[in-house]
Amino acid sequence: MNLMLQTLFDTMSLGSFYALSALAIGLLFGVLRLVNFAHGDFISFGAYALIVPSTLTAVTPLLGALPAYLLVPALVGFVIAISIVAYLVVFRPLRDAAPTILMVASFALSYTMQNALLLLYGSRPKTIDLWAGLNKEVSIFGLARVPTLQLATIAVTIGLLLCFLYILRRSRIGIMMRAAAEDPTTARMLGLRASPVMIAAMAMAGALAAASSILQVVQTGVLEYRMGVSLMVFAFLGTVVGGMGNLSGAVAGGFGIGAVTVLLQTFLPDQARPYRDVFVFGVVFVVLALRPNGLFPSPHVKERI
Amino acid sequence: MSKGLTALKSVAVPAWIALVILCVVGGATVSGDRVLLQTLIESEIRLVLVIALFIFIGNSGVVSFVHVGFMMIGAYAAAWVTMNPAMKALFLPALPEIIANAALPLPLALLVGALAAGAIAFVSGLVICRLSGIGASIASFALFMALYALFRQASGWTAGQSSLVGLPVQIDAIKAFCCVALAIVVAMLHERSRWGLMLRASREDEAAARSSGINVAFQRLLAFVLSGCVAGLAGGLMSQFLGVLTVDMFYLDAIFISLAMLIIGGRASLAGAMIGTIVVSLIDHTLKQAEKGVDLFGTTVSFAPGVAEVGLGAALILTLVLRPRGLIGR
């Protein structure tokens, strides 16, 4: 019972954590046809904004010195700004290019951003204590002991997911975004202006990245210039497994990847556990071999001839 | 007439570039400048990798991120069959007996590296080549991360996160050039074969190619395996040139620079891939020198580490914006 409950909480927190990034990546793919390799680096930039740029080992807090009610909006604003600047400088000039070109451009942007962090902060990992109190464990009905952070992660991510899904379903800009995602040509012919929609999508992706930055830093307390890469890879897998261009599919796929990871971590025999990620990739490959378009393929992504 | 001319150009330009490289290699070998030779051999190995990328990406239009992983497989496979058996027993206790006792000559070792990489390319290609273009790219990236994680963890096979030392050093600039020439010939033969033609047709218009009876997934798989073998060859060269291997040599930096070379030069032609490799190698070398420090008007100026990489990243983005088909793209 105890193990079951513990596993359930781990699954929920890691799954929803991956789902946040998968939603951001799925959204940009839907609206901009952009496979955003730089998403992980948006997350890293957000995390590094907590400290003052320096290549020394000593860490001086920058945004990290603020109280939480200022820190969160400042960090979210910062990452949104990064995301919009990336759009204006790199992706907007390429808006008529093929998706492959956009993808390579985002890969180049990712590489540039990683090395900019290397340049500003040095290659050594840095540690930072952000809201360490959240790592205290609380007992759930006396059955399992769960870190407060895990509960907070679950609450925050599910709250954010619901909030963003609500924006996408109900608000004007959300409906515009979905229209642009589902059928860009028709949307444009009906008078939808592409630019504001794309900027809104980039801003949403930036806000999601900022949330991931905070959750990641509170959980691990370590900053590393490629910290966003592995998170991004799993989120990517989530969007591909869920079906490219299907937002609910991306969320479900990201959640599924997190769940598979936790289950493998829990139930793999000891000597196989270091290879957990390899097994996760294996599962993804089997799924894609059986369903090349993902579990929930979007009917709108298929090109019309 | 013009068709014949284009065909002639597609053979002649790479051949001329190869001839220039041969002259430089010959000159450097005669002069015996060790630093220059070192840089040259590194560039030759990169050129083999970029030609491998061209065989798949150039002809199919599908970007792959996994080829550096195939290179890693080739590098370690070549190391497994060339290392001194006593050293292998010490550093790589997990190797099966038949590999642990093997001590193959260089050409066979390179062949083993190429075939090992090709075999993994075949198995993974069965899945990857069935996906849509973008999906295939993401899956290839995931496969790369899986291979990287596997090689880092399997320390009984690869020495894990420390370096594998004690490999024979037996590649010189001339031997590396022979492999470059081999890669060029393979790429050309494939490009000009009916398979190459069918694959390029699918790149230009997948639906039209399909409706003309071209099995796109099969053509992609064929090129994927072939390019996997050539990438494995590049890896074998690298292991027999450096004498030391670490898994981290085959990570994001290697992927980025090889893709940058292909795309900056012009991914749709072999000549473009080759020119891109030469140009980016020169830029990279200059920037790396600058990081070490250059003498400028009597004072030594040096850039902080990372400047070269940021510069290259910006160069690739600029190329994509200004010349999306590359320097000599058609």
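Here is how names work: the chains are called A, B, and so on, in the same order as the sequence lines, proteins then strands, and each is numbered from 1.
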*Quick one: what part of A:Y111 sits under 4.5 Å from any heavy atom of chain B, side chain, backbone, both or neither?*
side chain
_Heavy-atom proximity to chain B below 4.5 Å, by part of A:V104_ = both
_Among A:P93, A:P274, A:A105, residue most engaged with chain B (heavy-atom pairs, under 4.5 Å)_ = A:P274
*Does any non-hydrogen side-chain atom of B:M145 lie less than 4.5 Å from one of A:F234?*
no
*What part of B:Y148 is in contact with chain A, defined as an atom under 4.5 angstrom from a non-hydrogen atom: side chain, backbone, both or neither?*
neither
*A:L109 versus chain B, heavy atoms under 4.5 Å apart: side chain, backbone, both or neither?*
both
*asked:* With rounding to the nearest 0.5 angstrom, report the CD1 to OG1 distance, B:I263 to A:T100.
replied: 9.5 Å
*Output, in order, the C-alpha distance, side-chain angles, deciding distance and verdict of side-chain contact (heavy atoms from CB on, under 4.5 Å) for B:Q153 and A:V278.*
CA-CA 10 Å; B:Q153 288 297 334; A:V278 182; over 6 Å; no
*What residues of residues 125-144 of chain B sit under 4.5 Å from chain A when you count only heavy atoms?*
B:V127, B:I128, B:R130, B:L131, B:I134, B:S137, B:I138, B:A139, B:F141, B:A142, B:L143
*Check whether any side-chain heavy atom of B:F256 sits under 4.5 Å from a side-chain heavy atom of A:Q114, and report yes or no.*
no
*What residue, out of B:L147, B:L312, B:D253, has the most heavy-atom pairs lying under 4.5 Å from chain A?*
B:D253
*Roughly how far apart are B:R325 CZ and A:I101 CD1, rounded to 0.5 Å?*
8.5 Å
*May I ask you to test the A:F107-B:L316 pair for a side-chain heavy-atom distance under 4.5 Å?*
no
_Is it the case that atom CZ in A:R124 sees more than 12 heavy atoms from other parts of the structure closer than 6.0 Å?_
no
*Tell me, side chain or backbone of A:L94 under 4.5 Å from chain B's heavy atoms, or both, or neither?*
side chain
*Closest heavy-atom contact between A:A108 and B:I317?*
CB-CG1, 3.6 Å
*Measure distances from A:A289 to the heavy atoms of chain B and classify the residue's part below 4.5 Å as side chain, backbone, both or neither.*
both
*chain A heavy atoms under 4.5 Å from B:F151: which part of the residue, side chain, backbone, both or neither?*
neither
*asked:* Please classify the contact of A:F279 with chain B as side chain, backbone, both or neither, using a heavy-atom distance under 4.5 Å.
replied: neither
